[in-house]
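Nothing fancy with the numbering, it's 1 onward along the sequence.
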Amino acid sequence: MSIIRHDWTEQEVLDIYNMPLMDLLYKAATIHRECHDPNTVQVSTLLSIKTGGCPEDCGYCPQAARYHTDIGGNDLMSVRQVKAQALRAKASGSSRVCMGAAWRNVKDGQEFEDVLEMVRTINKLDMEVCCTLGMLTENQAQRLAEAGLYAYNHNLDTSEDYYKEVISTRGFEDRLKTIENVRKTNVTVCSGGIIGMGEKVEDRAGMLVALSRLSPQPESVPINSLVAVEGTPMEDQKPVSMWDMIRMVATTRIVMPITQVRLSAGRTEMSREGQAMCFFAGANSIFAGDKLLTTPNPDVHEDMEMFKMLGLNPQKPFVKKAQPETVEAEDSEFESMGEKPKWTRPTHTIERNEAAKQKAKGVTVDK
């Protein structure tokens, strides 16, 4: 059985990433078979419960209010709407629903109370529930855990060094603090990142080092390929190659043996053969459905056809961890504290983010 290490160095990870491809695939596939069923893939459905209007300046994100991306915003979905979507996801083979809201951080109030009720509702459908709601406090994490939350997603996005070239409205340490708050509960952690944002291979290695040093390591690590959306600061970024994705998946599997590695954004640009190599290299989770928040994704029927072709089976819910109990609102030990946490706001600016912001305002920017 592979040993879980929390002391990986960037150079060690780079050496793995740059191995001859056949050696890399063999090593990753061997570890994958030691720690997982190689013919089982966990299927998640990502649901945007509140779209657009985010105050952050993440350079990759079409939901940032400051950029003009033609993404229509919507208010928070109702519990009834979310339940209907969850039932459809379950019928199509998903074992998990991940609810995403375009918030900087969770705020106590009616909207958060509604999200807690969504969590209770989906958990009662015998599905794993994941949320990605931005930064949250320990008390908010405890309330989500009580409601029956299975996982919380909070991506590191990239290395700490390159992070400053992507986002200027929140600090890297806030992401780590949120993960720390989640770890004080029984909720599992989902945290990964994006490749293809203009980062160096060293930054990809740096991100994996940061994730591997978390103790315990994240139960899920999504590997996203940037989907360049017109109007965002990264609209002109060229797609990463399939070989980059395969190397990233294989390296992630070696560095974090028992983690579920998820093929996330960018799958519409991947061939079935490329995805098959990712599964061989250690990917054992995907997002299903025709949309990932706001970007396109393969149709679930296409995915099930691919699974049949490859002999893959969807993972049943609660295989890796027992189903959490749901505590009803009236029986909750933790109550709203009306918290107003002071998350960091870095003072630096990012040139391409500012240029995209001005472009959205119709202001010409000299280059």
Side-chain angles (χ1 to χ4, degrees), residues 8-11 13-14 17-18 54-69 71 102-105 132 134-135 153-179 191-214 221-241 244-245 247-248 251-252 264-266 292-295 343-361 363 365-367:
W8 289 100
T9 67
E10 184 178 304
Q11 188 58 54
V13 176
L14 279 172
Y17 186 95
N18 291 318
C54 182
E56 303 282 56
D57 78 334
C58 306
Y60 54 79
C61 187
Q63 298 200 68
R66 65 190 68 201
Y67 310 136
H68 182 64
T69 59
I71 295 297
W103 294 338
R104 169 176 163 81
N105 58 276
T132 178
M135 297 170 290
N153 167 263
H154 203 60
N155 290 336
L156 297 187
D157 285 347
T158 187
S159 70
E160 185 171 5
D161 287 341
Y162 195 67
Y163 187 88
K164 302 177 183 68
E165 302 299 323
V166 178
I167 305 163
S168 72
T169 52
R170 70 166 84 176
F172 191 82
E173 62 272 23
D174 287 336
R175 293 190 181 267
L176 296 176
K177 180 62 178 177
T178 292
I179 292 172
S191 186
I194 308 169
I195 67 172
M197 299 190 293
E199 77 285 347
K200 298 176 182 178
V201 174
E202 288 80 1
D203 294 305
R204 297 174 189 175
M207 181 186 76
L208 293 182
V209 168
L211 290 168
S212 70
R213 288 183 176 176
L214 296 174
V221 171
I223 302 297
N224 297 273
S225 173
L226 176 71
V227 177
V229 177
E230 185 177 357
T232 65
M234 297 185 179
E235 63 182 0
D236 295 326
Q237 287 292 143
K238 295 180 180 179
V240 296
S241 74
D244 286 339
M245 278 299 294
R247 284 187 177 277
M248 191 66 182
T251 306
T252 304
S264 299
L292 294 187
L293 297 181
T294 60
T295 56
W343 299 101
T344 61
R345 288 188 178 274
T347 56
H348 74 288
T349 58
I350 302 171
E351 185 176 339
R352 63 180 173 183
N353 290 15
E354 286 299 311
K357 177 182 175 182
Q358 295 303 318
K359 182 180 177 181
K361 293 180 178 179
V363 178
V365 180
D366 294 329
K367 293 186 177 179

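Shown here are the salt bridge (Lys or Arg N to Asp or Glu O under 4.0 Å) partners of Asp157, two or more places apart in sequence or in another chain: Arg175. Annotation: salt bridge (Lys or Arg N to Asp or Glu O under 4.0 Å) contacts of Arg170 (sequence neighbours excluded): Glu56. With sequence neighbours left out, the ring-ring contact (aromatic ring centres under 6.0 Å, His included) criterion links Tyr17 to no other residue. Looking at residues two or more places apart in sequence or on another chain, you find a salt bridge (Lys or Arg N to Asp or Glu O under 4.0 Å) between Lys177 and Glu180. Taking Tyr60 as the reference, nothing meets the ring-ring contact (aromatic ring centres under 6.0 Å, His included) condition, with sequence neighbours excluded. Asp203 meets the side chain to side chain contact (heavy atoms under 4.5 Å, CB included) test with Thr158, Ser159, Asp161, Tyr162, Glu199, Lys200; sequence neighbours excluded.
We find the CE-CD1 distance between Met135 and Ile179 to be 12.5 Å, quoted to the nearest 0.5 Å. In this structure, the separation between CD on Glu235 and CZ on Arg352 is 11.0 Å, given to the nearest 0.5 Å. Note that CZ of Arg204 is 4.5 Å distant from CD1 of Ile195, once rounded to the nearest 0.5 Å. Residue Ile223 holds its CD1 atom at 4.5 Å from CE of Met248, rounded to the nearest 0.5 Å. From Ser264, atom OG reaches atom CG of Asn153 across 8.5 Å, with rounding to the nearest 0.5 Å. Here the straight-line distance linking atom OG1 of Thr178 with atom CG of Leu156 works out to 10.5 Å at 0.5 Å rounding.
A donor-acceptor distance shorter than 3.5 angstrom exists from the side chain of Arg213 to the backbone of Trp8, with no hydrogens or angles considered. With Asn105 contributing its side chain and Gly134 its backbone, the two residues share no donor-acceptor pair below 3.5 Å. Under the 3.5 Å distance criterion, the side-chain polar atoms of Thr344 are matched with a main-chain donor or acceptor of Gly171.
Each of Thr347, Asn353, Asp57, Thr349 was scored for a side chain to side chain donor-acceptor pair (under 3.5 Å) with Ser168, with one residue passing: Asp57.
The minimum heavy-atom distance linking Arg104 with Cys54 is given by the pair N-SG, 4.4 Å. The two residues Thr232 and Gly59 have their closest heavy-atom pair at CB-O, 3.7 Å. Among all heavy-atom pairs drawn from Thr251 and Arg247, the shortest one is OG1-O, 2.7 Å.
Side-chain atoms of Asn155 and Asn224, non-hydrogen and from C-beta on, do get closer than 4.5 Å to each other. Put simply, the side chain of Leu211 reaches to within 4.5 Å of the side chain of Ser191, judged on heavy atoms.
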**Q.** Derivation and outcome, side-chain contact (heavy atoms from CB on, under 4.5 Å), residues Leu14 and Val201
**A.** CA-CA 8 Å; Leu14 279 172; Val201 174; 3.6 Å; yes

